[in-house]
Chemist: 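Okay, handing you the structure first.
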Protein chains: 4
Amino acid sequence: MSNEKGPDHSRRKERSRQAILAATRELVAEEPYEKVTVEAIAARAGVGKQTIYRRWPSKSAVIFAALLALSENADRQNDEQPVTLPDTGDLETDLKLVMRATAEEFADPAFDRLIRALNTEIVNDAALAAEYQEKLARPLDEAKKARLRSAQEAGQLNPDADLDLVLEVLYAPLFQRWLHRSAPLTAAYADSLVESTLRAFAP
Amino acid sequence: MSNEKGPDHSRRKERSRQAILAATRELVAEEPYEKVTVEAIAARAGVGKQTIYRRWPSKSAVIFAALLALSENADRQNDEQPVTLPDTGDLETDLKLVMRATAEEFADPAFDRLIRALNTEIVNDAALAAEYQEKLARPLDEAKKARLRSAQEAGQLNPDADLDLVLEVLYAPLFQRWLHRSAPLTAAYADSLVESTLRAFAP
Amino acid sequence: MSNEKGPDHSRRKERSRQAILAATRELVAEEPYEKVTVEAIAARAGVGKQTIYRRWPSKSAVIFAALLALSENADRQNDEQPVTLPDTGDLETDLKLVMRATAEEFADPAFDRLIRALNTEIVNDAALAAEYQEKLARPLDEAKKARLRSAQEAGQLNPDADLDLVLEVLYAPLFQRWLHRSAPLTAAYADSLVESTLRAFAP
Amino acid sequence: MSNEKGPDHSRRKERSRQAILAATRELVAEEPYEKVTVEAIAARAGVGKQTIYRRWPSKSAVIFAALLALSENADRQNDEQPVTLPDTGDLETDLKLVMRATAEEFADPAFDRLIRALNTEIVNDAALAAEYQEKLARPLDEAKKARLRSAQEAGQLNPDADLDLVLEVLYAPLFQRWLHRSAPLTAAYADSLVESTLRAFAP
DNA sequence: GAATAAGCGAGACGGTACGTCTGGTCTTTAT
DNA sequence: ATAAAGACCAGACGTACCGTCTCGCTTATTC
């Protein structure tokens, strides 16, 4: 006769949900992408396939949810605080730090596979692309834009610059180089992108 | 009695090869990507499945070959001449022309599906990505870099600029915006990219 | 609700099983044997191929099961009673009745195709041949031998006769003539076989 | 060597023909029947597939021709003389000799496979069955009937007996027992068949 | 505290596509 | 001119997954 029937009720639900998302992340990180099947996820999660399809409409959605949960977990570890970029007062220093870190992240095989999986699903699914924009990309972009606005106020960036454009000019080359494996993602490359972007949008 | 043994030999081979590649292009351009199956390609090409598997190891390879052939055909129509970019003497004008054209190309549903198919296959296949670089991306990039070098000589671009980097800063944002459908590809946007790139790599 | 959970469970299984066996019998009876493929069976039964392969290891086994089920159904219609031969007290009369009926059965195109299919599979598969002996041939042979034993007791057949041999001498010529289509299976022929067999094994 | 291009011409034809038939016999005798494919025959014979299909309309026909040639070769080794059965004057002795030899023949794995292959093709092909009757079965049967006629004249067999029926009663049980592997083919069994047949058709 | 749901793990089901193999036809290369 | 070699179309093979459906069983409420 508890008023916690919701939570009690959801406890089992929640356990299986987490098992599915964890299994998905593990599979995506460990296996070549063609082996990431709903059946493999269900088996690794110790869950019936129907339990997956009861919650998500397709494999794409599960994979997306798994990566979304990953980033939410990261947030939660930061005490639910929104992501923020370092702000030492010097935009160039801060951006180089962030860009070098990003380049390194892509070098991690597990992370690499996760983001490739995400992009595989997004390329041919406009709905998923929209969800990706809204739930994953935009929050991060807002954090980055906050730092850029701070730089604009500090006179380190053109106050009329379109910040979305700035972000694209800064990040898209890195992303494309990684996606197409057209060249290695070195620290020097990260620095170059920061420098050229700052030149393009200097005050 | 003929010295045209080579051509004679390839005639049947070539006919089925072209039928397969044409069928693949049509399917990719017309159908949602999950309907582009080897069986559908074979059926539309009027070809046995084995004839496909005899030449290419996987669906990815067929699709890549189909798009590669497409660009080679385009070249052939231009009298086998290598691709060149317009050179009016004014880099900004020329680049804006090219970038606007590129943005429009992506707006064509058939072209959109072709490039999405290509990227779908490339994302998880490093070998294919390398082949894409070598056979499709590099030749185009060389043409673009030729125009940039001409601009460097004309004093319209920093003579020390890394031209690969210039190309990335110019094109990658467009590509990423299209891939993730994060915003529309307008002529104004194309212009903005040219302008910011020229600012970043001004002499 | 119902206490028939067990039957409920098997109902779906049983339905698909019966659909497969019925489709197999129909195809074998209607089509030339090369058209009896697992895919055709699955299509006609409205069943996935895997549902067939989940139950039987090969096409041979499915066809055998279909014919086995046919004979079991025939039994069931006879109130589960074992097959028995007529026993009027006169062996010659009874055997001629049975042999003429057998000859007529072989003349039915559907039955003809069924037995040819069965023999096609049996010829090159010793395991299937053994199963055929045990499940189809032996029960029938036992019924026939029961009639022969009755005749032995009635002094109409040599009491020392090897009944398996008697059966072979009686039936094998008919079977061979049918299998090799070496001559028509007339009533007169059926009678001749009975007469010569009775002469061979007279008391 | 020769100016007789005609013979030269046929010699080559004949060589490839013999190679095909020999390869077929070897494959049938050595391999499980599902491995006897036209491609395997062509490969072993060192011959193009078209050279096979130029001469025979189907795989069945090739296999049949191979076995037919086998028996013709056997004849040829006997100086082209028609087959004859031993005639010591005592029918029972002679038939037991022949039946025991036949039973032993079936025990040879190579011969077993050859005859199974032949029957596999014959069961579902009436035209082939007719050809089998005419070219393989009838000549042998005529030889056997000649011996039986001699016995009739010698008063060892009913002069009114239908000799085709006698042959069937004698051989069909052996054939069926072998085909269905229902019991071993012993010398005693061969003797029993001779004895029961002679009882059935005693003068 | 027994009855009644509601949700679960398990896995069979109807389908679709895979990549392989063979049958029988048609082309090319080489003699 | 003919044959070896083998590519070609067609289509069945047996397997793997998809997304749905059914089954018992375990939990958790509800009367």
Chemist: For Ile41(B) and dA17(E), what is the distance between atoms CD1 and P respectively, to the nearest whole Å?
Modeler: 12 Å
Chemist: Using the C1' atoms of five pairs at each end, what's the angle between the two axes of the helix from dG1(E)-dC31(F) to dT31(E)-dA1(F), to 10 degrees?
Modeler: 10°
Chemist: Using modelled atom types only, decide if a donor and an acceptor are shared between the side chain of Arg113(C) and the backbone of Leu27(C) within a distance under 3.5 Å.
Modeler: no
Chemist: Pick the nucleotide of DNA chain F nearest each of Thr37(C) and Lys35(A); which residue has the one closer to the 5' end?
Modeler: Thr37(C)
Chemist: Between Ser16(D) and dA3(F), does any side-chain N or O lie under 4.0 Å from OP1 or OP2?
Modeler: no
Chemist: Nearest whole angstrom, please: distance from the P of dC13(F) to the CD of Glu34(C).
Modeler: 12 Å
Chemist: Are Glu30(C) and Arg44(C) ion-paired here, with the side-chain N under 4.0 Å from a carboxylate O?
Modeler: yes
Chemist: For a quick check, tell me whether the side chain of Glu39(D) and the base of dC21(E) share a donor-acceptor pair closer than 3.5 Å.
Modeler: no
Chemist: Give me the atom names and distance for the closest heavy-atom approach of Leu114(A) to Arg25(A).
Modeler: CD2-O, 4.0 Å
Chemist: Taking atom types as they are modelled, is there a donor-acceptor pair under 3.5 Å from the base of dC9(F) to the side chain of Gln50(B)?
Modeler: no
Chemist: Output all residues satisfying salt bridge (charged side-chain N to carboxylate O under 4.0 Å, His left out) with Arg116(B), sequence neighbours left out; order by chain, then residue number.
Modeler: Asp112(B)
Chemist: Calculate the interatomic distance between Ile52(B) atom CD1 and dC21(E) atom C1'; express it in whole Å.
Modeler: 16 Å
Chemist: From the options dG14(E), dC9(F), dC18(F), select the nucleotide whose nearest atom is closest to the side chain of Val38(A).
Modeler: dC18(F)
Chemist: With respect to Thr24(B), which candidate in Leu67(B), Ile41(B), Leu70(B) satisfies the side chain to side chain contact (heavy atoms under 4.5 Å, CB included) definition?
Modeler: Ile41(B)
Chemist: In whole angstroms, how far is the P atom of dA12(F) from the OH atom of Tyr53(C)?
Modeler: 11 Å
Chemist: Calculate the interatomic distance between Lys13(C) atom NZ and dA10(E) atom P; express it in whole Å.
Modeler: 17 Å
Chemist: So what does Arg55(B) hit on the nucleic acid, given a heavy-atom distance under 4.0 Å: a base, only sugar-phosphate, or nothing?
Modeler: sugar-phosphate
Chemist: Please report, rounded to the nearest Å, how far the P atom of dT31(E) is from the CZ atom of Arg15(D).
Modeler: 16 Å
Chemist: Using only modelled atom types and a 3.5 angstrom limit, is any donor from either the side chain of Lys49(B) or the base of dG11(F) paired with an acceptor on the other?
Modeler: no
Chemist: Residues two or more places apart in sequence or in another chain: which of them pass ring-ring contact (aromatic ring centres under 6.0 Å, His included) with Phe111(C)?
Modeler: Phe106(C)
Chemist: Could you say whether Ser60(D) or Arg54(D) is positioned toward the 5' end of DNA chain E, judged by the nucleotide with the nearest heavy atom to each?
Modeler: Ser60(D)
Chemist: Please evaluate the base of dG24(E) for a donor-acceptor partner in the side chain of Lys59(D) within a cut-off of under 3.5 Å?
Modeler: no
Chemist: Side-chain N or O of Thr51(B) less than 4.0 angstrom from OP1 or OP2 on dA7(F)?
Modeler: no
Chemist: Do you know the tightest heavy-atom contact between Val36(B) and Lys59(B)?
Modeler: O-NZ, 3.1 Å
Chemist: Quickly work out the Arg44(A) CZ to dA10(E) C1' distance and round it to whole Å.
Modeler: 19 Å
Chemist: For the pair made of CD in Glu14(C) and P in dC23(F), what is the distance, rounded to whole Å?
Modeler: 13 Å
Chemist: Sub-3.5 Å donor-acceptor pair from the side chain of Asp125(B) to the main-chain atoms of Glu121(B), do we have one?
Modeler: no
